[in-house]
Enquirer: 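Take this structure first; my questions come after.
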Amino acid sequence: MAFLKTQERTKERFSLLLLDLEEYYFEQHTANHMTSSSKKERKIRGSFKVCSRSVIFDPEDLTEPILKVLLRDCKKIEFVEGENNPFNEPRPPAISITCGQVIYIKESNVIAPHRNERGAKKIMFQLEVWSKTEDVVQTLLQLHRASCLEKLGDQTAMIAANLQSRLARSSFDKNCFQNVAEKPHMECAVEMVMPLVCNPGHVCITDENLYFQPLNGYPEHVIQIKLHRVRRIYKRRHGLRPLGLEVFCTENDFCSDIYLKFYSTADRDEIYYYIATFLENHITEHTAESYMLQWQRGHLSNYQYLLHLNNLADRSCNDLSQYPIFPWVIADYTSRQLDLTNAATFRDLSKPVGALNKERLDRLLARYRGMPEPRFMYGSHYSSPGYVLFYLVRVAPEHMLCLQNGRYDHADRMFNSVGETWKNCLEGATDFKELIPEFYGIDCSFLENKLSLDLGRRQNGSLVEDVVLPPWASDATDFLQKHRTALESQYVSEHLHEWIDLVFGFRQRGSEAVAAHNVFHPLTYEGGIDCDSIEDPDERIAMLTQILEFGQTPTQLFSGPHPQRITPRFHNITRSSSITSPVSELSPAVSPVLFSASQSEDSSFEDLTEESRKLAWTNMGNLTLVSSHKIHKEAVTGIAVTRDGAAIFSTSQDSTLKMFSKELKEFQRSMSFSNMALSSCLMLADGKTVACSSWDNNVYFYSIPYGRRQDTLMGHDDAVSEMCWFDDRLYTASWDSTIKVWQCASDGSSSHRRCQFELLAELEHDAGVNTIGLNPAGTLLVSGCKDGTVTIWDTSSYETLQQVHCHTGTIHHTAFSPDSRHVLSVGADCCMKVIDVQTGMVISSVTPEEEQRCFRWDGNSVLCGGQSGDLLLWDLLSNTVTKRIPAHSGAVTAIWMNDLCSTVITGGEDRQIIFWKLQS
């Protein structure tokens, strides 16, 4: 838990939380508090702390209370001369403070509301180092003058000047380096940010470590982070300005190791990029799109994905005005059993909390319609410092006391019951809060009053103790476990994208937010107001304070609809009936029924096939060259294999179709249909016909049994670039900017049938179509054009479902994932893009070192052929090359893979075809 983690650094009972908000702790001196009773003078030894708006005395005796005197309450601060009479015991100089109020904190060493004792008081302190007394008094007088200025802006400016002067007069102590050989790279003044407080000091970064040295030596003299341990770094906006930097030494913990606020964006950026050089591949991974792909494919849990999105959207455990946000997912807090198979158990994730109750929403909308611009539906936010501490008061009581001027909230307004809180979020006029990550964690201490805090007595007479849990939870641990299970449930997995749209996505603002009833106060949105443009310092500080206390909407991560998660029910894939997978050695025998869309497929055999594919892709790095054969005079453009795997056909820019015998290991036939290049080939469903597309605008059909051209389809006005076949339908793509869909009907019953082709549809594009592909069920078609546009079509209505301009040059190859959820494309711009079919969103963008020309993929991994001639195995989830396999001496231009993914054939510009086998 963030609060506990930051407190672990010190066991002192003094804490920066004893300061007021926006206050700094400057220096401390060992001193005696002089108290006098009727009998004798008493000395209480402790630490005298000079802060920007107060003086705090922390006694060594834990039974004594901590004293706090606000400088604005001081009537007089004096230096009292010491006595050095040879006849009496020498009397040291003292600091005399006359004030109208003293605040007593942690009386009897118990965390409790502070006690304010009003009335004129005179307090005396003697410093152990006598010589510093006069200097400390002068400092206090200067800070007292600042605290008594009429305008808040003038107060803040004078204190800031004092702070900057202190930072300028000091520097990082290089004696703190862990290693004498360390080379410092940069040093500058910063503030370490913790929940509700900031601590000024100096940061120093070397070739080995990041150091922070607090100006006041609290909580320790120096904090060190080894750079090789850093796993993630994030730039943050702090106080609405781009000055923050947060450093994590873990991959999945939502609490960072240090959060620094710089005084200049340039300093922040220099240290950010310097640390980034130590991160190797880590920094390239952390985009919303790369996490989205991992989440969609089940490699990240819902909990982990939400944490990553919060991090990317500037949410931090160290900034309570931007604390991570998690959704309410359960709506049932009354049943004795929690039924996660019933949709009624869950909250509607497509609506913000304020829109879940229709009656309340109607009242809010009526007010909204009558409101002058800028209008808003909700006067309070779903996340704010007060809401965070509402949930966490039992583990962070001092934070609550700091936020609320030394007091707890009224007992009836405390977090007393999960069910009551949910009910109030549904019915309360101003309560629209969401949850925090702790509700889905493993530490249940925030639900239990383990510190035995006196949090008050409710109107019904009961004390505020542990949080009352729903009947379906046996204890706090059981509650969190069931809550986590609900977050990862089928229902939430299928609907979480709708909540992401509201909080991090396209329904966060604008007309979509209005339609979704998701409009909050303008000040909560990033860029809603430029505080620096407000000239009056008092107005600017007041505005900033209002924004930070009210709560802030996360940085918008997505501008289009967020894709849905791929849950197990979507894994039932209907297979294509075209023959793309031979049997025999090229592919272990597979029943032909697998290639039909029949509903009578043997599901156990299907599962076995699917497991074989998964195993094959897991071992794809073990792809081994079996043989290579140079059978063409120009680059190979297409590869097709017969049903029994005995014959391999290839097309080439040399205008020939060649047949290679796998058994004889030599090519047996060579056919030429025209004097222009052939661009692709495919095996038709009968297993006896090869279709070849040509740059002469035609498609040629070659009969394998008869060894001659059987048919010619003259269908385009420019080169035919690629073809697909499904259920007697032929799809042809051309540089004439069209795809044509043909229905094939054979004429008669003779064994040598001529085919008649009826044009069913013509799909228009804005540029030449270079590549096309069908999904396994034949229901979707994807095309890639010379202008870099990917278009997804519905093959039943021939309507455009998505059109995405995602490349800056020609698209070489595009294909659906086996589950039809994603499309991968590679282009001349050296980019590899993954597009979500449902939303059209580019959810991953990879820039390999070289141009990729063709590929095969399983949705997670990609085997692609590059310009260099090597085969590269890409892990899309981590955006890394896991294996580079030397292959051709020129670009890889064609790639074929059998159904079980155990055999690969590649063709290249070096005129070779190469056979590959997966070694177990």
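In this chain, numbering begins with 1 at the start of the sequence shown. Quick note: numbers below take in every heavy atom, side chains included, and nothing from hydrogens, waters or symmetry partners.
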Enquirer: Please report the C-alpha distance between V80 and I95 in whole Å, then the side-chain angles of each, then the deciding distance to 0.1 Å, and finally whether the side-chain contact (heavy atoms from CB on, under 4.5 Å) criterion is met.
Expert: CA-CA 6 Å; V80 179; I95 300 168; over 6 Å; no
Enquirer: Under 3.5 Å, side chain of R394 to main-chain N/O of F415, donor-acceptor pair present?
Expert: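 Yes, the answer is positive, given that a donor and an acceptor are paired below the 3.5 Å cut-off.
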Enquirer: Whether the R169 and S165 side chains hold a donor-acceptor pair (N or O, under 3.5 Å, no angle test) is what I'd like checked.
Expert: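 There is such a pair between these side chains.
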Enquirer: Given Y382 and F520, is the ring pair (Phe, Tyr, Trp, His ring centres under 6.0 Å) satisfied, shown in steps?
Expert: CA-CA 9 Å; Y382 47 74; F520 293 85; 5.1 Å; yes
Enquirer: Does H29 use its side chain to pair, donor to acceptor, with the backbone of A31 at less than 3.5 Å?
Expert: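 Not a single qualifying donor-acceptor pair exists.
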Enquirer: What I want to find out is whether E434 reaches R315 closely enough, with some N-O distance under 4.0 Å, to be called a salt bridge.
Expert: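 Between R315 and E434 there is no salt bridge, as every charged N stays at least 4.0 Å from the carboxylate O atoms.
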Enquirer: Check the angle between the aromatic planes of Y234 and F248 and answer parallel, tilted or perpendicular using the 30° and 60° thresholds.
Expert: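 Perpendicular: the ring planes of Y234 and F248 meet at over 60°.
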Enquirer: Show your reasoning for whether side chain to side chain donor-acceptor pair (under 3.5 Å) applies to T555 and E526.
Expert: CA-CA 7 Å; T555 299; E526 185 177 14; 3.2 Å; yes
Enquirer: Just checking, is any N or O donor in the side chain of N311 or R236 under 3.5 Å from an acceptor N or O on the other one?
Expert: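 Indeed, the side chains of N311 and R236 share at least one donor-acceptor pair under 3.5 Å.
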Enquirer: Are R145 and E150 close enough for a salt bridge, meaning some N to O gap below 4.0 Å?
Expert: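 Result for this pair is no, no salt bridge flagged.
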Enquirer: Nearest 0.5 Å, what's the CD1-CD1 distance between I205 and I271?
Expert: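 The CD1 atom of I271 is 5.0 Å from CD1 of I205, to the nearest 0.5 Å.
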Enquirer: Could you check whether Q552 and Y525, counting side-chain N and O atoms only, form a donor-acceptor pair closer than 3.5 Å?
Expert: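 Distance-only check fails for Y525 and Q552.
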Enquirer: Mark yes or no for whether N310, through its side chain, and I325, through its backbone, hold a donor-acceptor pair below 3.5 Å.
Expert: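 Here the side-chain-to-backbone pair exists.
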Enquirer: Does any non-hydrogen side-chain atom of I44 lie less than 4.5 Å from one of N32?
Expert: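 Not touching, per the 4.5 Å side-chain cut-off.
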Enquirer: Establish, for the pair K68 and Y104, whether the NZ or CZ atom is under 6.0 angstrom from the six-membered ring centre and no further than 45 degrees off its axis.
Expert: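 Here K68 fails the 6.0 Å and 45° test against Y104.
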Enquirer: Once you round to the nearest 0.5 Å, how far does CG of D154 lie from SG of C148?
Expert: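 It is 13.0 Å, given to the nearest 0.5 Å.
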Enquirer: How about N209 and Q224: does a side-chain donor come under 3.5 Å of a side-chain acceptor?
Expert: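 Looking only at side-chain atoms, Q224 and N209 do form a donor-acceptor pair, the distance falling under 3.5 Å.
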Enquirer: Does either side chain, that of T430 or that of S380, offer a donor lying less than 3.5 Å from an acceptor on the other one?
Expert: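 Side-chain D/A pair, T430 to S380: absent.
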Enquirer: With a 4.5 Å heavy-atom cut-off, do P324 and C317 have their side chains touching?
Expert: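 Side-chain contact under 4.5 Å: yes.
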Enquirer: Would you check, one step at a time, whether the test side chain to side chain donor-acceptor pair (under 3.5 Å) holds for Q142 with N162?
Expert: CA-CA 9 Å; Q142 186 185 21; N162 187 304; 3.2 Å; yes
Enquirer: Any donor-acceptor pair under 3.5 Å linking the side chain of R237 with the backbone of R241?
Expert: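 The answer is no, because no donor-acceptor pair under 3.5 Å joins these two groups.
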Enquirer: Salt bridge check, R458 against D412: does any charged N sit closer than 4.0 Å to a carboxylate O?
Expert: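 Salt bridge present between D412 and R458.
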Enquirer: Between L243 and R268, what is the shortest heavy-atom contact and its length?
Expert: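 So the two residues come closest at O-CG, 3.6 Å.
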Enquirer: Would the distance check show the side chain of Q155 and the main-chain N or O of L149 forming a donor-acceptor pair, the cut-off being under 3.5 Å?
Expert: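 Yes; judged by distance alone, with no hydrogens or angles, the pair exists.
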Enquirer: Quick one: are V467 and E448 in side-chain contact, heavy atoms under 4.5 Å?
Expert: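 No, their side chains stay 4.5 Å or more apart.
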Enquirer: Please confirm whether the backbone N or O of V519 pairs with a side-chain atom of R375, one donor and one acceptor, at under 3.5 Å?
Expert: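 No: the side chain of R375 does not pair with the backbone of V519.
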Enquirer: Does a side chain donor of either E246 or N318 reach within less than 3.5 Å of an acceptor in the other side chain?
Expert: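 There is such a pair between these side chains.
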Enquirer: Quick one: does NZ or CZ of K433 land under 6.0 Å from the six-membered ring centre of Y387, within 45 degrees of the ring axis?
Expert: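 Relative to the ring axis of Y387, which defines the angle, K433 lies inside both limits.
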Enquirer: Between the side chains of R115 and E107, is the shortest nitrogen-to-carboxylate-oxygen separation below 4.0 Å, so that they form an ion pair?
Expert: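 Salt bridge: yes.
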Enquirer: May I have the step-by-step check of salt bridge (charged side-chain N to carboxylate O under 4.0 Å, His left out) for R540 and E535, ending in yes or no?
Expert: CA-CA 7 Å; R540 184 168 62 246; E535 292 183 7; over 6 Å; no
Enquirer: With no hydrogens and no angle check, is any side-chain donor or acceptor of N416 less than 3.5 Å from a backbone partner on A411?
Expert: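 At least one qualifying donor-acceptor pair exists.
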Enquirer: Which distance, rounded to the nearest 0.5 Å, do you find between the CD of E191 and the SG of C198?
Expert: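 Answer for the CD-SG pair, E191 versus C198, is 5.0 Å.
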Enquirer: Please report the C-alpha distance between E117 and K121 in whole Å, then the side-chain angles of each, then the deciding distance to 0.1 Å, and finally whether the salt bridge (charged side-chain N to carboxylate O under 4.0 Å, His left out) criterion is met.
Expert: CA-CA 9 Å; E117 196 171 281; K121 288 195 184 311; 2.5 Å; yes
Enquirer: Applying ring pair (Phe, Tyr, Trp, His ring centres under 6.0 Å) as the test, list every pair that has at least one member in residues 41-65; sequence neighbours left out.
Expert: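 Ring pair (Phe, Tyr, Trp, His ring centres under 6.0 Å) check on residues 41-65 returns H33-F57, F48-F125, F57-F125.
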Enquirer: Is it the case that the side chain of Q126 and the backbone of A94 share a donor-acceptor pair, with hydrogens and angles ignored and the cut-off at 3.5 Å?
Expert: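 Between the backbone of A94 and the side chain of Q126 there is no qualifying donor-acceptor contact (under 3.5 Å).
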Enquirer: Between the side chains of D466 and N449, is a donor N or O closer than 3.5 angstrom to an acceptor N or O?
Expert: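 There is no such pair (donor and acceptor under 3.5 Å, judged by atom type) between the side chains of D466 and N449.
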Enquirer: Starting at CG of L260, measure out to CG of D267 and round the result to the nearest 0.5 Å.
Expert: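 One gets 11.5 Å once the value is rounded to the nearest 0.5 Å.
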Enquirer: Within a reach of under 6.0 Å around CD of E187, are more than 12 heavy atoms found that belong to other residues, nucleotides or ligands?
Expert: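 Atom CD in E187 is crowded, with more than 12 foreign heavy atoms closer than 6.0 Å.
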Enquirer: For the residue pair S54 / E23, report whether a side-chain donor-acceptor contact shorter than 3.5 Å exists.
Expert: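 Yes, side-chain donor-acceptor contact under 3.5 Å.
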Enquirer: For Y259 and H238, take the angle between the two ring planes, folded into 0 to 90°, and tell me which bin it lands in: parallel under 30, tilted 30 to 60, perpendicular over 60.
Expert: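 Ring orientation, 0 to 90° scale: perpendicular.
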Enquirer: Does R166 pair with E27 as a salt bridge, N-O distance under 4.0 Å?
Expert: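 Yes, this pair counts.
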Enquirer: Identify the two heavy atoms, one from S147 and one from S52, that lie closest to each other, and give their separation to 0.1 Å.
Expert: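 Smallest heavy-atom distance, with atoms named: OG-O, 4.0 Å.
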Enquirer: Could you tell me whether the side chain of K106 and the main chain of R13 form a donor-acceptor pair under 3.5 Å?
Expert: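 Checking the backbone N and O of R13 against the side chain of K106, a donor-acceptor pair under 3.5 Å is found.
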Enquirer: Let me see the working for Y378 and L364 under side-chain contact (heavy atoms from CB on, under 4.5 Å), right down to the final yes or no.
Expert: CA-CA 7 Å; Y378 310 114; L364 291 167; 3.6 Å; yes
Enquirer: For the residue pair V222 and F212, establish whether any side-chain heavy-atom pair is separated by less than 4.5 Å.
Expert: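 Answer no - side chains too far apart.
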Enquirer: Any carboxylate oxygen within less than 4.0 angstrom of a Lys/Arg side-chain nitrogen, looking at R45 and E128?
Expert: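 A salt bridge links R45 with E128.
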Enquirer: Determine, step by step, whether R53 and R72 satisfy the side-chain contact (heavy atoms from CB on, under 4.5 Å) criterion, reporting the C-alpha distance in whole Å, the side-chain angles of both residues, the deciding distance to 0.1 Å, and the verdict.
Expert: CA-CA 7 Å; R53 298 180 191 274; R72 68 168 182 265; 6.0 Å; no
Enquirer: Please test H381 against T553 for side chain to side chain donor-acceptor pair (under 3.5 Å), starting from the C-alpha separation and ending with a verdict.
Expert: CA-CA 8 Å; H381 205 248; T553 300; 3.0 Å; yes
Enquirer: Angle class for the Y218/F14 ring planes (parallel below 30°, perpendicular above 60°, tilted otherwise)?
Expert: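 Ring orientation of Y218 relative to F14: perpendicular.
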Enquirer: Between N216 and F26, is there a donor-acceptor pair closer than 3.5 Å when you use the side chain of the first and the backbone of the second?
Expert: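 It does not hold such a pair.
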Enquirer: Just do the side-chain contact (heavy atoms from CB on, under 4.5 Å) check on Y323 and L392 with the steps written out, would you?
Expert: CA-CA 12 Å; Y323 202 78; L392 296 178; 3.9 Å; yes
Enquirer: What pairs of residues pass the ring pair (Phe, Tyr, Trp, His ring centres under 6.0 Å) test when at least one of them lies in residues 129-151, not counting sequence neighbours?
Expert: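 Sorted result for residues 129-151: empty, none.
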Enquirer: In Å, rounded to the nearest 0.5 Å, how long is the span from CG of N405 to CG of D20?
Expert: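 Between atom CG of N405 and atom CG of D20 there are 7.0 Å.
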Enquirer: Between H221 and Q213, is there a side-chain donor-acceptor contact under 3.5 Å, judged purely by atom types and distance?
Expert: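 Side-chain D/A pair, Q213 to H221: present.
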Enquirer: To the nearest 0.5 Å, tell me how far L19 CG sits from I56 CD1.
Expert: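 The CG atom of L19 sits 4.5 Å away from the CD1 atom of I56.
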